[in-house]
Colleague: 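The structure follows.
The sequence lines fix the lettering, A, B, ..., with proteins before strands; numbering per chain opens at 1.
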Amino acid sequence: SQKIEQNSEALNIQEGKTATLTCNYTNYSPAYLQWYRQDPGRGPVFLLLIRENEKEKRKERLKVTFDTTLKQSLFHITASQPADSATYLCALNTGGFKTIFGAGTRLFVKA
Amino acid sequence: DTGVSQNPRHKITKRGQNVTFRCDPISEHNRLYWYRQTLGQGPEFLTYFQNEAQLEKSRLLSDRFSAERPKGSFSTLEIQRTEQGDSAMYLCASSPLNPEAFFGQGTRLTVV
């Protein structure tokens with residue numbers, strides 16, 4: 001069956017360190033993969049999109065990698081800040097209309 | 001505010017009642033999505049519109065759920081004969097031809 005897996009355990013890191021979140025998927029061949037941020041009680045906010053022919057994408061302190069052989073994406077936040085504390089969602093498109101989301105990983109950045 | 005707007009933000013209803021939610025997408029976006037999200041889970045796809053055409057509907061969506069987008073602008077999601085299992089956050093998102101989606105703040109439904 002098709003699955004998207006993100007670490008269900010929360011990630012706790014110290015301010016200034018790099019946070020690395022993982023997204024693994026099975027039985028999909030996504031045309032692109034997206035990362036969203038979600039704060040409690042609010043809708044997700046789009047962060048980055050990476051296409052199947054791209055290995056890496058950067059935006060300010062954010063970096064996403066996409067390995068279609070491993071079926072894995074890594075999401076990095078460098079020089080993390082307490083304001084980065086949120087849930088981060090991985091989402092796959094398979095070229096159709098539907099976007100499938102993972103359950104998300106909760107990140108806590110301690111000052 | 002030119003973002004996606006959803007109303008109401010919160011709805012408490014008794015089991016068996018019908019509820020309707022409204023979504024106003026970003027005006028130039030022709031794609032509109034509805035998702036449902038429960039605690040600790042990611043958004044779950046419900047349905048998709050391109051302009052006024054409903055092009056995809058999740059098999060998880062029972063016949064108690066119906067969505068419309070009559071003029072290709074705002075959309076409504078109706079749940080008939082609500083059940084306690086319908087309690088969730090209902091999210092609307094819109095997008096232009098790009099795949100990135102812009103989400104509203106959601107409508108939190110509680111069925112008592």
Side-chain angles (χ1 to χ4, degrees), chain A residues 1-10 21-25 28 30-54 57 59 62 64 66 73 75 86-107, chain B residues 1 3-7 9-10 21 23-26 29-51 53-61 67 69 88-110:
Chain A
S1 64
Q2 297 172 320
K3 256 194 316 188
I4 303 174
E5 289 182 342
Q6 296 186 253
N7 282 355
S8 56
E9 290 184 17
L21 286 68
T22 305
C23 174
N24 294 297
Y25 58 92
Y28 286 111
Y32 41 82
L33 185 147
Q34 302 176 67
W35 284 88
Y36 287 79
R37 168 185 173 139
Q38 188 171 28
D39 291 286
R42 304 180 77 87
V45 175
F46 171 79
L47 295 175
L48 278 169
L49 178 149
I50 186 164
R51 298 185 185 276
E52 59 181 339
N53 60 349
E54 298 175 313
K57 203 80 169 279
K59 179 183 174 183
L62 308 180
V64 172
F66 193 13
S73 174
F75 176 78
T87 296
Y88 291 87
L89 300 163
C90 165
L92 297 182
N93 299 91
T94 58
F97 306 122
K98 193 187 297 189
T99 298
I100 310 298
F101 284 82
T105 298
R106 192 85 190 266
L107 172 67
Chain B
D1 187 352
V4 177
S5 176
Q6 291 189 247
N7 286 288
R9 290 293 309 278
H10 304 274
F21 309 141
C23 171
D24 287 274
I26 294 171
H29 289 181
N30 57 3
R31 296 181 176 183
L32 187 145
Y33 305 82
W34 284 98
Y35 288 86
R36 176 172 63 190
Q37 187 175 27
T38 53
L39 198 62
Q41 299 300 313
E44 178 184 41
F45 173 82
L46 294 178
T47 191
Y48 162 74
F49 289 87
Q50 184 154 319
N51 299 313
Q54 187 174 19
L55 296 185
E56 190 160 355
K57 189 173 170 179
S58 170
R59 284 173 290 178
L60 299 172
L61 213 61
R69 194 182 182 195
M89 174 78 87
Y90 290 84
L91 292 162
C92 174
S94 70
S95 70
L97 293 178
N98 299 341
E100 66 184 78
F102 295 80
F103 281 83
Q105 301 287 43
T107 294
R108 181 165 295 285
L109 173 67
T110 302

Colleague: Atom CZ in A:Phe101, atom OH in B:Tyr35: separation rounded to 0.5 Å?
Modeller: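 So the gap between those two atoms works out to 5.0 Å.
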Colleague: For A:Gln6, is it the side chain, the backbone, both or neither that has a heavy atom under 4.5 Å from a heavy atom of chain B?
Modeller: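 Contact with chain B is absent: no heavy atom of A:Gln6 under 4.5 Å.
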Colleague: If I compare all heavy atoms of B:Glu100 with all of A:Gln34, which pair ends up nearest, and what's the gap?
Modeller: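 Looking at all heavy atoms of both residues, the shortest contact is CA-OE1, 3.4 Å.
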Colleague: Hey, what do you get for CZ (B:Phe45) to OG1 (A:Thr99), rounding to the nearest 0.5 Å?
Modeller: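 Nearest 0.5 Å value for the CZ-OG1 distance: 8.5 Å.
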Colleague: Got a sec, which residues hit side-chain hydrogen bond (donor to acceptor under 3.5 Å, both in side chains) with B:Glu56, two or more places apart in sequence or on another chain?
Modeller: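 By the side-chain hydrogen bond (donor to acceptor under 3.5 Å, both in side chains) rule, B:Glu56 matches no residue at all.
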Colleague: Output the distance between atom CD (B:Gln105) and atom CG (A:Asp39), rounded to the nearest 0.5 Å.
Modeller: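 The CG atom of A:Asp39 is 9.5 Å from CD of B:Gln105, to the nearest 0.5 Å.
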Colleague: Is B:Gln6 close to chain A through its backbone or its side chain, or both, or neither, when contacts mean heavy atoms under 4.5 Å?
Modeller: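 Looking at B:Gln6, nothing touches chain A.
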Colleague: Nearest heavy-atom pair of A:Pro44 and B:Pro43: which atoms, and what distance?
Modeller: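 Looks like CG-CG, 4.1 Å.
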Colleague: For the residue pair B:Leu91 and A:Gly43, what are the closest heavy atoms and their distance?
Modeller: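 What the structure gives for the nearest pair is CD2-CA, 3.9 Å.
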Colleague: If every non-hydrogen atom of A:Leu89 is compared with every non-hydrogen atom of B:Gly42, which pair is closest and at what distance?
Modeller: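 Taking A:Leu89 first and B:Gly42 second, the nearest heavy atoms are CD2-CA, 4.2 Å.
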Colleague: Which bit of B:Phe102 is near chain A, if near means a heavy-atom gap under 4.5 Å: side chain, backbone, both or neither?
Modeller: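 Interface part for B:Phe102: neither.
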Colleague: With sequence neighbours left out, write down each residue that passes salt bridge (Lys or Arg N to Asp or Glu O under 4.0 Å) with B:Arg69, or none if nothing qualifies.
Modeller: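 Counting only residues at least two positions away or on another chain, B:Arg69 forms no salt bridge (Lys or Arg N to Asp or Glu O under 4.0 Å).
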Colleague: Measure distances from B:Arg31 to the heavy atoms of chain A and classify the residue's part below 4.5 Å as side chain, backbone, both or neither.
Modeller: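 Neither part.
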